Amino acid sequence: MSEDKKSLNFIEHIIEEDLENGLSSDKLRFRFPPEPNGYLHIGHTKAIGISFGLGESYNAPVNLRFDDTNPAKEEQEYVDAIKRDISWLGYKWANELYSSDYFQKLYDWAVLLIKDGKAYVDSQSSEAMAEQKGTPTQPGVEGPYRNRSVEENLDLFERMKNGEFDEGEHILRAKIDMQHPNMLMRDPLMYRILKKSHHRTGNEWCIYPMYDWTHGESDYIEQVSHSLCSLEFKPHRPLYDWFKHNVYDYAKEDLPMLPKQREFARLNLSYTIMSKRKLLKLVEDGIVNGWDDPRMPTISGLRRRGYTPESIKLFIEKVGVAKRENVIDVSLLEFCIREDLNKSANRVMAVLDPVKVVITNYPEDKEEWLEAENNQEDESAGYRKVPFSREIYIEREDFKEEAGKKFFRLQLGGEVRLKNAYIIKAESVVKDENGIITEIHCTYSEDTEKKVKGTLHWVSIKHAIKAEVREYDRLFMNESPDAHKDKDFMEFINPNSLKIITGYVEPSLKDAEIGERFQFQRIGYFNVDDDSKSDKLVFNKTVGLRDSWAKQKPKPKQTNQNKPKQQPKRPAISIIQQLGKKYTNLPEEKQLRTKAEIQELAKKVSYEELEPWFGTAMKKVGTRIATLITLKVLLNTGQKRNDAINEFIQKCKDDKNDLLVKESADL
RNA sequence: UGGCCUAUGGUGUAACUGGUAACACGUUGGUUUUUGGUACCAAAGAGUCUAGGUUCGAGACCUAGUGGGCCAACCA
């Protein structure tokens, strides 16, 4: 038993409750059901994390089931991409399944529903049916084919399957209630004719089942215990249950478990979008370079950008699970990747906006290879050598001719440490005709023990390697680009989301491999892009380091001197009740300590304060025990018995909780 | 002329049986530091949308209101 069990989200509460009510934990089974019609994005990661995470914590199987009921949109390419992304995240599915595997079974059940008068073939145009369906505020009306005979329905449905009709001529509908307040219950479609080849079943079928009919029954066939999906499927639940209960009659011997659909709020991330359709538009319009563009919120984009599976899992864990609409601040995602990379990424030096420094007292032809620690967060990362010479690059913004005391970097007459090397002092500058500094002349000192405030990164000019560096900014300039009714999300596109620059990196990076991640010291985390070649390195900036210096520039806001409010002293009785609330959950030893604490506090409680607590609800045993302990203290210190006390004691004696009975035994 | 869901610091999530709000990110200070990073310490910031009600006691339960979301694809 873990001491402090971490708080559960509402889905975990539901599962715990089911388990308490007799569901055997070996019956737990989950699934992740993507439609193979696009790439997975960070929003899907939440759903993946929930179902696969539950599978891990309850040691239950999780199926990967492709909801492939619409051959018009689905492709094998997406199946492969989805499998790749889930595997990359580190999850293992129990079975790789397809809804299309169940087409025959679904068909057989549909025939049974027809026979039972619970489904019928409709032969109207989609417009006519839409009209009869009504609107959310107006009930629907029944169509002319609703009461066809079972025989006719059976005949038509079979001929639909046999390909005797064209697309749109007939459909199969469930017969439920055209007046139902929930529009999904107004005789929803179960099958449509689609003369398209399916990525798995080829031309075997020309009728395809709809989502509601397929999804729930697939869950049922797989004996999924908890079918978790996002909030927009909440209105589908009555239909999910309707199908489920009707099919149960046909299959209950083989398939005893009735799955339970529960819905959670999907993930939204600030400054980006999560709609597959809209992401596709960014790809098609050439706003980004494909689904895996590092600016995309897709899993493949994040991977290329340098995110790790661990960082994404951490993020999902921190985001939580609930039922209200939410927008997560990207700063949380950035925190998670920094958290991970700080521990694992080797430090290297790279100068992205160089200015030349000449160390005038360092010999022209001398060079030294100095030792540098790879990662001070990880001793096993070891050391490497970096070359030093008379001419180096530093970052242009690390030098000012004159600056204040708060500028810890290089200024004329000032000293600064070069990381892993010497301390230098700026003596003079050389400028071009426009007044731009082209060289900074410095002298160095070999005394590296000296205290100096600033430390700069640098590269030796003659040893440095040129590299292409891609810096990314948010894709949209609005926090919720697709949440505006009057504005299209495309209006918010940030035209400067990609900046390509040439940087100079230390020579140890020469053989860096695609995907390898580094910290460019004092700048940020970078990884080697897929486009990188041995003669032309390409780096992506994953995320910058936190920069509290940059934050100083916007002037400090006024501090509101709010006096800390005087906390009124809490009455002892209130603390006692709080202790009591947890009492029954405590391990025995702690219980004894708590009891002593209550007895101590009880000395400060008056009878008048205590009496109202006699009315505590029966089920709150802990609180009643605490009350009883307190009462006993009062009785020992002279409180007389009265009716209320006697009644309370009697109730305690009669209780079915042992602890409470035991506590009242000596009264 | 409807139905369903939802409302807790800036953001997200907690608060198990009703017992007077916690954690994380962010923010602000400080300590350490050969990264203005990391680590560590501290602080500010909500009295739980509003109004009634039940109760000795409500963030939690009930009713109504208000705000937000979802529902009218032969999509999933």
Side-chain angles (χ1 to χ4, degrees), chain A residues 5-9 13 33-35 37 67 69-70 72-73 126 129-131 133-140 167-168 171 180-184 186 189 191-194 208 210-212 214-215 231-238 263 265 270 318-329 331-332 334-336 338 342-343 347 373 376-377 406 408-409 417-421 423 448 452-457 519 521-524 545-552 556-557 559-560 562 564 570 573-574 576-578 580-582 584-585 611-617 619-623:
Chain A
K5 55 182 175 196
K6 93 185 215 316
S7 60
L8 305 176
N9 65 46
H13 276 298
E35 184 191 10
N37 69 341
D67 250 335
T69 58
N70 187 358
K73 289 195 197 168
S126 58
M129 284 187 281
E131 198 165 318
K133 208 159 199 169
T135 69
T137 55
Q138 283 171 312
E167 289 187 11
I171 49 114
H180 202 286
N182 181 340
M183 293 208 56
L184 288 156
R186 324 239 257 233
L189 262 76
Y191 279 93
R192 76 284 211 191
I193 298 168
L194 242 33
Y208 290 93
M210 301 287 290
Y211 166 82
D212 286 293
T214 312
H215 188 91
L231 238 36
E232 70 265 30
F233 291 99
K234 175 76 216 243
H236 293 247
R237 191 148 112 197
E263 311 82 9
S270 63
K318 290 203 174 296
V319 153
V321 182
K323 284 200 270 196
R324 54 177 162 167
E325 297 291 326
N326 58 77
V327 180
I328 313 292
D329 201 312
S331 67
L332 184 62
E334 294 178 345
F335 165 80
C336 293
R338 286 190 193 111
N342 176 51
K343 284 176 278 180
R347 273 63 172 169
E373 191 175 12
Q376 45 276 77
E377 305 294 320
K406 291 184 84 177
F408 304 160
R409 309 178 184 185
R417 184 188 302 280
L418 293 176
K419 180 82 187 170
N420 306 315
I423 287 169
T448 57
V452 290
K453 189 69 185 163
T455 302
L456 305 187
H457 62 276
Q519 184 195 96
Q521 226 146 182
R522 300 212 303 132
I523 303 175
L545 254 30
R546 282 185 73 218
D547 187 353
S548 49
W549 167 244
K551 278 178 200 153
Q552 296 213 358
K557 62 180 182 189
T559 43
N560 37 353
N562 269 356
R570 258 178 94 186
I573 184 73
S574 142
I576 289 175
Q577 299 322 323
Q578 198 180 345
K581 193 182 176 190
K582 296 174 186 153
T584 52
N585 299 331
E611 199 191 80
W613 295 84
F614 294 168
T616 301
K619 59 184 171 182
K620 287 150 83 175
V621 177
T623 306

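Per chain, numbering begins at 1; letters A, B, ... match sequence-line order. Note that the coordinates shown come from a computational prediction; the quantities given were computed from them, not determined experimentally.
- Interatomic distance, Leu184(A) CG to Asp212(A) CG, rounded to the nearest 0.5 Å: 6.0 Å.
- Pairing for G59(B) is absent, judged as Watson-Crick or G-U wobble with the two contacts each under 3.5 Å.
- Comparing the P positions of A60(B) and G18(B) gives an interatomic distance of 12 Å, to the nearest angstrom.
- Between the side chain of Glu377(A) and the base of G37(B) there is at least one donor-acceptor pair of N/O atoms closer than 3.5 Å.
- Using a 4.0 Å heavy-atom distance criterion, Arg186(A) is classed as making no nucleic acid contact.
- Of the nucleotides present, none pairs with C75(B) by Watson-Crick or G-U wobble criteria with both distances under 3.5 Å.
- Annotation: side-chain contact (heavy atoms from CB on, under 4.5 Å) contacts of Gln376(A) (sequence neighbours excluded): Arg347(A), Glu373(A), Lys419(A), Gln521(A).
- Remark: P of G37(B) and NZ of Lys419(A) are 13 Å apart, rounded to the nearest angstrom.
- Taking atom NZ of residue Lys318(A) and atom C1' of nucleotide U11(B), one finds them 14 Å apart after rounding to whole Å.
- Sequence order on RNA chain B of the closest nucleotides to Asn9(A) and Asn342(A) puts Asn9(A) first from the 5' end.
- A straight line from NE2 of His457(A) to P of G37(B) spans 15 Å, rounded to a whole angstrom.
- Distance check, rounded to the nearest 0.5 Å: CZ of Arg338(A) to CZ of Arg546(A) gives 7.5 Å.
- Base-pair partner of G65(B): C49(B) (Watson-Crick or G-U wobble, both distances under 3.5 Å).
- We find that CG of Asn420(A) is positioned 10 Å from P of U35(B), with the value rounded to whole Å.
- In this structure, CG in Asp67(A) is found 10.5 Å from CG in Asn37(A), a value given to the nearest 0.5 Å.
- Note that CZ of Arg409(A) and CG of Leu456(A) are 7.5 Å apart. Values are rounded to the nearest 0.5 Å.
- Among the atoms of the strands shown, none is found under 4.0 Å from any heavy atom of Val452(A).
- Taking 4.5 Å as the limit, every side-chain heavy atom of Asn326(A) sits out of range of all side-chain heavy atoms of Val319(A).
- For U35(B), the OP1/OP2 oxygens have no side-chain nitrogen or oxygen of Arg409(A) closer than 4.0 Å.
- Between Lys323(A) and C5(B) there is no side-chain N or O to OP1 or OP2 distance below 4.0 Å.
- In this structure the side chain of Ile171(A) reaches within 4.5 angstrom of the side chain of Met129(A), judged on heavy atoms.
- If you take atom C1' in C75(B) and the same atom in C61(B), they sit 40 Å apart, rounded to whole Å.
- Distance noted for atom C1' between G45(B) and A22(B): 14 Å (whole Å).
- Atom CZ of Arg338(A) and atom P of A24(B) are 18 Å apart (whole Å).
- Comparing the C1' positions of G9(B) and U48(B) gives a spacing of 10 Å, expressed to the nearest Å.
- Here the straight-line distance linking atom NE2 of His215(A) with atom CD of Glu35(A) works out to 12.0 Å at 0.5 Å rounding.
- Residue Leu545(A) is classed as a base contact, given a heavy-atom separation below 4.0 Å to a base.
- Distance check on atom C1': A46(B) versus C41(B) gives 24 Å, rounded to whole Å.
- Nucleic acid contact for Gln519(A): base, since at least one base atom lies under 4.0 Å from a heavy atom of the residue.
- Glycosidic conformation of G47(B) is syn; the angle stays within 90° of 0.
- The interatomic distance linking Ile328(A) (CD1) with G12(B) (C1') rounds to 5 Å, in whole Å.
- For G36(B), the base is stacked against the aromatic ring of Phe408(A), per a cut-off of 5.5 Å between centres and 30° between planes.
- An OP1 or OP2 oxygen of G36(B) is reached within less than 4.0 angstrom by a side-chain nitrogen or oxygen of Arg522(A).
- Rounded to whole Å, the distance from CH2 on Trp613(A) to C1' on C56(B) is 8 Å.
- Ranked by how close their nearest RNA chain B nucleotide is to the 5' end, Val321(A) and Ala421(A) are led by Val321(A).
- When heavy atoms are screened at a 4.0 angstrom cut-off, Thr623(A) is found touching base atoms of the nucleic acid.
- Rounded to the nearest Å, the gap between the P atom of G65(B) and that of G2(B) is 11 Å.
- OP1 or OP2 of U11(B) has not a single side-chain nitrogen or oxygen of Ser331(A) nearer than 4.0 Å.
- The partner of C23(B) is G12(B), judged by Watson-Crick or G-U wobble contacts that both fall below 3.5 Å.
- Spacing between atom CG of Asp329(A) and atom P of C25(B) amounts to 13 Å, rounded to whole angstrom units.
- Spacing of C1' atoms, A21(B) relative to G59(B), comes out at 8 Å, to the nearest Å.
- If you check every strand for non-hydrogen atoms under 4.0 Å, Arg546(A) touches sugar and phosphate atoms only.
- Taking the six-membered ring where tryptophan is involved, the planes of Phe233(A) and Tyr211(A) are tilted, since the angle between them lies from 30° to 60°.
- Across C49(B) and A58(B), the matching C1' atoms stand 16 Å from one another, rounded to whole Å.
- The NZ atom of Lys453(A) sits 10.0 Å away from the OG1 atom of Thr455(A) when rounded to the nearest 0.5 Å.
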Discussion item. Generate the contact string for nucleotides 64-76 of chain B. Rules: B means base contact, S means sugar-phosphate contact only, - means no protein heavy atom under 4.0 Å.
Written reply: -----S-BB-BBB

